[in-house]
Amino acid sequence: MSVSAKKPRPAFIQPESKLKNRSMTLDKGLGLSLDSEDITRIENTISEHADAFSGKILERLHDLRGLLGTNQTPDMKPEDLISKLRDGAYEIKSLGTTFGFPAMTMIAKLLHDYVDKRTELPRKQREIAAVHVEALYVVLAQQLTALPMVTEQALVNGLAALALRFP
């Protein structure tokens, strides 16, 4: 006798009404080809949320700094530390350029790449991750929306050299 279990059908979760009203669809929102009105709407939405973005990133950087500092919880598992660093870096790199901080995106990408495949983070590597976090703080605190190409390249090369020297 064979017993075959029925595969459960996926349940569809209805979105909250406020999300439904904010969604961008072809009927209510943006089309595939953007006209000047659509671009203005996007720019206005980004500028409305720029302060919230800066506040959120500041909180995230504070958390990352705490994780990497000397007061780090000694009972935290290395994989939890790395996971939090990876998630924080990913969040920052995902939105930095959208809100006018391409240097932030670049530094966060370097941090994400540095911790992405790790299983542990010894003291020296933790210090290198902390250098990345401090660089992100500088970009946010100084509101560095554009760096001269030479400065940007020197920053990338310096952080990349650290990552290569202490893999």
Side-chain angles (χ1 to χ4, degrees), residues 10-13 15-16 18-19 22-24 30 34 39 42-167:
F12 291 98
I13 301 170
E16 293 181 26
K18 66 181 179 183
L19 289 177
R22 292 173 129 187
S23 66
M24 300 291 205
L30 303 174
L34 302 176
I39 292 170
I42 292 169
E43 289 172 347
N44 289 340
T45 301
I46 290 171
S47 66
E48 286 173 18
H49 294 82
D51 287 340
F53 167 77
S54 294
K56 177 75 172 165
I57 295 306
L58 186 61
E59 287 175 24
R60 179 63 82 169
L61 290 174
H62 179 74
D63 293 344
L64 294 179
R65 184 185 265 176
L67 286 171
L68 294 166
T70 56
N71 297 334
Q72 179 204 359
T73 313
D75 59 344
M76 180 180 277
K77 295 178 184 174
E79 57 270 12
D80 292 340
L81 170 65
I82 292 167
S83 176
K84 289 181 182 211
L85 285 170
R86 185 183 314 111
D87 292 348
Y90 184 81
E91 180 181 355
I92 295 168
K93 84 173 186 166
S94 300
L95 294 171
T97 301
T98 300
F99 287 95
F101 295 99
M104 187 177 287
T105 296
M106 174 186 58
I107 296 166
K109 180 187 180 331
L110 291 170
L111 175 59
H112 183 268
D113 291 349
Y114 188 66
V115 299
D116 190 35
K117 303 291 185 208
R118 294 187 175 280
T119 57
E120 61 182 8
L121 203 62
R123 185 183 61 82
K124 186 57 79 176
Q125 284 73 12
R126 188 176 300 167
E127 289 172 2
I128 292 168
V131 168
H132 287 75
V133 171
E134 294 305 317
L136 289 166
Y137 257 113
V138 169
V139 170
L140 186 61
Q142 298 296 319
Q143 296 289 301
L144 300 176
T145 55
L147 293 174
M149 186 59 80
V150 174
T151 305
E152 187 174 306
Q153 202 56 45
L155 180 60
V156 169
N157 291 341
L159 292 172
L162 271 175
L164 286 174
R165 185 157 182 213
F166 301 100

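In this text the structure is predicted, and so the values were computed from the model without any measurement.
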inquiry  = Between E91 and K56, is the side-chain contact (heavy atoms from CB on, under 4.5 Å) condition met? List the steps.
reply    = CA-CA 10 Å; E91 180 181 355; K56 177 75 172 165; 3.3 Å; yes
Minimum-distance pair of heavy atoms, taken over all atoms of [X] and [Y]:
| X | Y | answer |
| --- | --- | --- |
| K84 | L67 | CB-CD1, 3.5 Å |
| V139 | A103 | CG2-CB, 4.2 Å |
| M104 | L136 | O-CD2, 3.4 Å |
| M106 | L155 | CE-CD2, 4.2 Å |
| R60 | I92 | CG-CD1, 4.1 Å |
| I82 | E120 | CD1-N, 3.2 Å |

Side-chain donor-acceptor pairs under 3.5 Å in residues 160-167, sequence neighbours left out?
none

inquiry  = Test salt bridge (Lys or Arg N to Asp or Glu O under 4.0 Å) on E134 and R65; report intermediate values, then the result.
reply    = CA-CA 8 Å; E134 294 305 317; R65 184 185 265 176; 2.6 Å; yes
[X] side, atom [atom1]; [Y] side, atom [atom2] - distance, nearest 0.5 Å:
| X | Y | atom1 | atom2 | value |
| --- | --- | --- | --- | --- |
| R126 | L85 | CZ | CG | 9.0 Å |
| R86 | L81 | CZ | CG | 10.0 Å |
| L159 | I128 | CG | CD1 | 10.0 Å |
| Y137 | I57 | OH | CD1 | 11.0 Å |

message = If the condition is salt bridge (charged side-chain N to carboxylate O under 4.0 Å, His left out), which residues does E127 pass it with, not counting sequence neighbours?
response = R123, K124
request  = Any pair with a residue in residues 106-128 that passes ring-ring contact (aromatic ring centres under 6.0 Å, His included), sequence neighbours left out, goes on the list, sorted by first then second residue, please.
outcome  = Y90-H112
